[in-house]
Student: 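One structure, as structure tokens, below. Some questions next.
In each ligand, atom 1 is the first atom listed, and ligand 1 is the first ligand listed. The first residue of the sequence shown is numbered 1, and numbering continues consecutively from there. Just so it is clear, the structure is predicted and the values come from calculations on it, not from any experiment.
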Amino acid sequence: MSDIAKLQIGEKTYEFPLVKGTENETAIDIKALRGATDGVITIDPGYKNTGSCQSAITFLDGEQGILRYRGYSIEELAEKADFLEVAYLLIFGELPTKEQLDKFYADILDEAIVDDDIKKIIDAFPKNAHPMGVLSSLTSALTAFNPSSVNVDSEEDMYKAIVKIMGKFPVLVAWTLRKKQGLPLHYGSRKLGYVENILTMMFQKPNDEYDLNPIMINALDKLLILHADHEQNCSTSTVRIVGSSHAGLFASLSAGISALWGPLHGGANQAVLEMLEAIKEDGGDTKKYMGKAKDKEDPFRLMGFGHRVYKNFDPRAKIIKKAADEVLGDLGVEDPILDVAKGLEREALEDQYFVDRKLYPNVDFYSGIIYRAMGIPVEMFTVMFALGRLPGWIAQWREMRLRKEPIGRPRQVYVGENLREFVEIDKR
Ligand code: SDX
């Protein structure tokens, strides 16, 4: 293949360079397009064919169902690494030595407290507020309590902002849950690991010790790894574009949390459980819901199915499905919802509509079943997704800032009214 693309508009032919990635993905570099063609631009709703950046963090192959973080396969990382190690890998590009990981965690622990006035903000929310809205607000509020983390330009200042949010975010997640449950807001311990602290802060009752269950620790560790990054998805692109205005890391993450909340994105894990519950209540009539999902007049979609990039099995869904069987078995939890999910998957994989559109289970299809078995309320499922995605968002923001990417500002094709005169109100 030549290293240029030719574009003919009218009688003129234009040439643009091709960019090739390390996994042989090819893109047409159209930086010069508008200037060279006297104003012609491209248009691509949902950016289905548009690359926003060059990135060295995560590689996806949607046709093969491949997912790698910094070149390591998701299967190996889920099996052999722990979440904090994967967070370090995503953010700094290499697997850490023991010394590097110990220092990273010590720096995080130094920051794993939040200003007590944050509790006043939490108190102001109604108990039934959706946790994603609370979490997005609290993350943005951190900016007010940590002004030195806003205008960061040096790698050193970025590192300080990164360990701050890696320390404080799990506290905000736990406090968001405890607020809903009317429980006192407390802290973990420097004696515990990163995931152990998350479980302890979420579940420890004020009048009791909390017995850390290795099955819960391993299950959460694996789920967080599987959610840690996914290249330029909706919420990561949001973090990048907000960060490109130099709004600061916490404000960018707050925007990313809001984007993830949507049921077409991270909010799907909550929607999947609600859908499976409805099917179970409906006597397990999966055929009815398959019919609704295929009916163009019906807005219902099979939640947890389909993906913008994966036109094969989402490799994370395969790992989570296997883990669901193991975790429920180990915890001694019988959940009929798992059988409903497996029945629905079997049907969809044999249904021509889904086969033709290459719709497979995605990361959200089975994850909620494990969260529920762990005692996490359904409205907290997307918060758990955000907890896992935090290091990926951080890594993508850091890469964008270190590469000094320009502010994100897409163009448009105007299809509104042409110039017209103002008419006084009594003449309209
Ligand atoms: C995540 O991008 C990422 O990487 C995201 C994520 C990450 O880690 O960050 O992987 C996390 O968001 C996973 C996706 C979670 N969302 C859901 O499970 C919601 C249900 N899925 C869909 O809404 C949909 O599949 C999307 C949003 C995920 C993808 O939509 P696309 O790529 O825009 O595809 P599309 O809407 O153009 O659909 C193509 C066709 C359409 O039918 P036709 O018009 O061709 O006849 O497939 C149909 C759609 O109607 N379709 C579905 C469907 N998903 C697509 N039909 C029924 N049920 C579905 N779930």
Side-chain angles (χ1 to χ4, degrees), residues 44-52 55 57-63 65-69 74 78 86 90 132 223-240 256-276 279 286-320 341 344-345 347-349 351-368 381-382 384-393 395-396:
D44 183 21
Y47 311 114
K48 294 190 177 189
N49 306 282
T50 299
S52 60
S55 176
I57 299 170
T58 290
F59 172 67
L60 300 188
D61 180 322
E63 282 65 38
I66 292 172
L67 169 57
R68 296 187 199 130
Y69 296 160
I74 192 64
V86 169
L90 283 167
M132 284 296 275
L223 282 167
L224 295 177
I225 289 171
L226 292 168
H227 285 83
D229 194 55
H230 216 238
E231 56 127 285
Q232 304 313 316
N233 59 83
C234 178
S235 54
T236 299
S237 300
T238 304
V239 170
R240 274 185 172 253
I257 294 164
S258 295
L260 187 70
W261 190 359
L264 294 187
H265 190 12
N269 59 13
Q270 174 177 344
V272 166
L273 244 293
E274 289 160 355
M275 172 187 74
L276 294 173
I279 293 173
T286 49
K287 288 211 179 318
K288 172 180 161 190
Y289 286 83
M290 291 286 289
K292 283 166 62 67
K294 296 185 283 187
D295 176 358
K296 291 301 169 200
E297 301 310 307
D298 190 327
F300 175 80
R301 286 197 153 184
L302 208 57
M303 302 313 278
F305 260 79
H307 198 275
R308 173 60 57 76
V309 174
Y310 289 124
K311 301 309 171 190
N312 197 326
F313 249 93
D314 181 333
R316 302 166 297 178
K318 279 187 191 170
I319 298 169
I320 294 174
L344 202 54
E345 177 190 346
E347 273 200 58
L349 295 181
D351 183 287
Q352 210 50 51
Y353 172 97
F354 284 78
V355 171
D356 292 349
R357 292 164 180 79
K358 299 190 171 121
L359 303 176
Y360 290 88
N362 60 48
V363 67
D364 293 313
F365 191 61
Y366 286 104
S367 55
F381 287 5
T382 312
M384 301 312 288
F385 192 142
L387 192 57
R389 187 53 53 88
L390 179 66
W393 285 333
Q396 300 275 350

Student: Please name the residue in the list Asp229, Leu67, Val86 that meets the side-chain contact (heavy atoms from CB on, under 4.5 Å) test with Ile74.
Tutor: Leu67
Student: Using a 3.5 Å distance criterion without hydrogens, assess whether the side chain of Asn233 forms a donor-acceptor pair with backbone atoms of Glu231.
Tutor: yes
Student: Tell me: protein heavy atom nearest atom 11 (C) of ligand 1, and distance?
Tutor: His265 ND1, 3.7 Å
Student: Indicate yes or no: does an N/O atom of Val363 lie under 3.5 Å from an N/O atom of ligand 1?
Tutor: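 Among all N and O atoms of Val363, none is under 3.5 Å from an N or O of ligand 1.
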Student: What is the closest protein heavy atom to atom 48 (C) of ligand 1, and at what distance does it sit?
Tutor: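 Looking at atom 48 (C) of ligand 1, the protein heavy atom closest to it is Tyr353 OH, 3.6 Å.
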Student: Taking heavy atoms and a distance under 4.0 Å, where does Asp364 meet ligand 1: side chain, backbone, both or neither?
Tutor: side chain
Student: Does Tyr353 reach the main-chain N or O of Met290 with its side chain, forming a donor-acceptor pair under 3.5 Å?
Tutor: no
Student: Relative to atom 31 (P) of ligand 1, which among Lys311, Arg308, Met275 owns the nearest non-hydrogen atom?
Tutor: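 The option holding the nearest heavy atom is Arg308.
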Student: With heavy atoms under 4.0 Å as the rule, classify the contact between Leu359 and ligand 1 as side chain, backbone, both or neither.
Tutor: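 Under 4.0 Å from ligand 1, Leu359 contributes side-chain atoms alone.
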Student: For Asp314, does its backbone N or O pair with a side-chain atom of His307 as donor and acceptor, under 3.5 Å?
Tutor: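 No; zero donor-acceptor contacts below 3.5 Å.
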Student: Identify the closest protein heavy atom to atom 24 (C) of ligand 1: which residue and atom is it, and at what distance?
Tutor: Arg301 NH1, 3.5 Å
Student: Within the distance-only criterion (no hydrogens, no angle test), does the side chain of Arg308 pair as donor or acceptor with the backbone N or O of Gly46 below 3.5 angstrom?
Tutor: yes
Student: So, Asn269 side chain and Ser367 main chain: donor-acceptor pair closer than 3.5 Å or not?
Tutor: no
Student: Give the single entry among His307, Arg357, Lys48 that approaches atom 35 (P) of ligand 1 most closely by any heavy atom.
Tutor: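 Nearest option to atom 35 (P) of ligand 1, by heavy atoms: Lys48.
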Student: Tell me, which protein residue and heavy-atom name are nearest atom 58 (N) of ligand 1, and how many Å apart are they?
Tutor: Leu302 N, 3.1 Å
Student: Nearest protein heavy atom to atom 18 (O) of ligand 1, by residue and atom, and its distance?
Tutor: Gly304 N, 2.8 Å
Student: Nearest to atom 7 (C) of ligand 1, what protein heavy atom do you find, and at what distance?
Tutor: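 Checked against all protein heavy atoms, atom 7 (C) of ligand 1 sits closest to Arg389 NH2, 3.4 Å.
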Student: Should Met303 and Asp364 count as side-chain neighbours, where that means a heavy-atom distance under 4.5 Å?
Tutor: no
Student: Within the 4.0 Å heavy-atom shell around Ala268, which atoms of ligand 1 are there?
Tutor: 15 (C), 16 (N), 17 (C), 18 (O)
Student: Counting only non-hydrogen atoms of the protein, does one fall under 4.0 Å from atom 39 (C) of ligand 1?
Tutor: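 Within 4.0 Å: no protein heavy atom nearby.
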Student: Go through the side-chain N and O atoms of Thr286 and Glu347 and say whether any donor and acceptor fall under 3.5 Å apart.
Tutor: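 A donor-acceptor contact under 3.5 Å links the two side chains.
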Student: Check for me whether His227 has a heavy atom closer than 4.0 Å to any atom of ligand 1.
Tutor: no
Student: Quick check, are the ring centers of Tyr360 and Tyr310 under 6.0 angstrom apart?
Tutor: no
Student: State if Val309 counts as touching ligand 1 under the rule of any non-hydrogen atom under 4.0 Å.
Tutor: no
Student: For Lys294, state whether at least one heavy atom is located under 4.0 Å from any atom of ligand 1.
Tutor: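 Contact check Lys294 vs ligand 1: negative.
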Student: Look up atom CG in Asn362 and atom CZ in Arg316, then write down how far apart they are to the nearest 0.5 Å.
Tutor: 7.0 Å
Student: Have a look at Glu231, His230, Arg316, Met303 and point out the one with the heavy atom closest to atom 19 (C) of ligand 1.
Tutor: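 Checking each option, the heavy atom nearest atom 19 (C) of ligand 1 is found in Met303.
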Student: Is a side-chain donor or acceptor of Arg240 paired with a backbone partner of Thr236 at a separation under 3.5 angstrom?
Tutor: no
Student: Which residue and non-hydrogen atom of the protein lie closest to atom 2 (O) of ligand 1, and at what distance in Å?
Tutor: Asn233 CB, 3.5 Å
Student: What is the closest protein heavy atom to atom 44 (O) of ligand 1, and at what distance does it sit?
Tutor: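 In this structure, atom 44 (O) of ligand 1 has Lys296 NZ, 3.8 Å as its nearest protein heavy atom.
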Student: Would you say Ala293 touches ligand 1, if touching means a heavy atom closer than 4.0 Å?
Tutor: yes
Student: Which one of Tyr289, Phe305, Tyr360 has a non-hydrogen atom at the shortest distance from atom 21 (N) of ligand 1?
Tutor: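 Shortest heavy-atom distance from atom 21 (N) of ligand 1: Phe305.
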Student: State whether the side chain of Ser237 and the backbone N or O of Gln232 hold a donor-acceptor pair below 3.5 Å, judged by distance alone.
Tutor: yes
Student: Give a yes or no answer on whether the side chain of Asn312 reaches the backbone of Gly65 with a donor-acceptor pair at less than 3.5 Å.
Tutor: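 No, Asn312 side chain to Gly65 backbone: no donor-acceptor pair under 3.5 Å.
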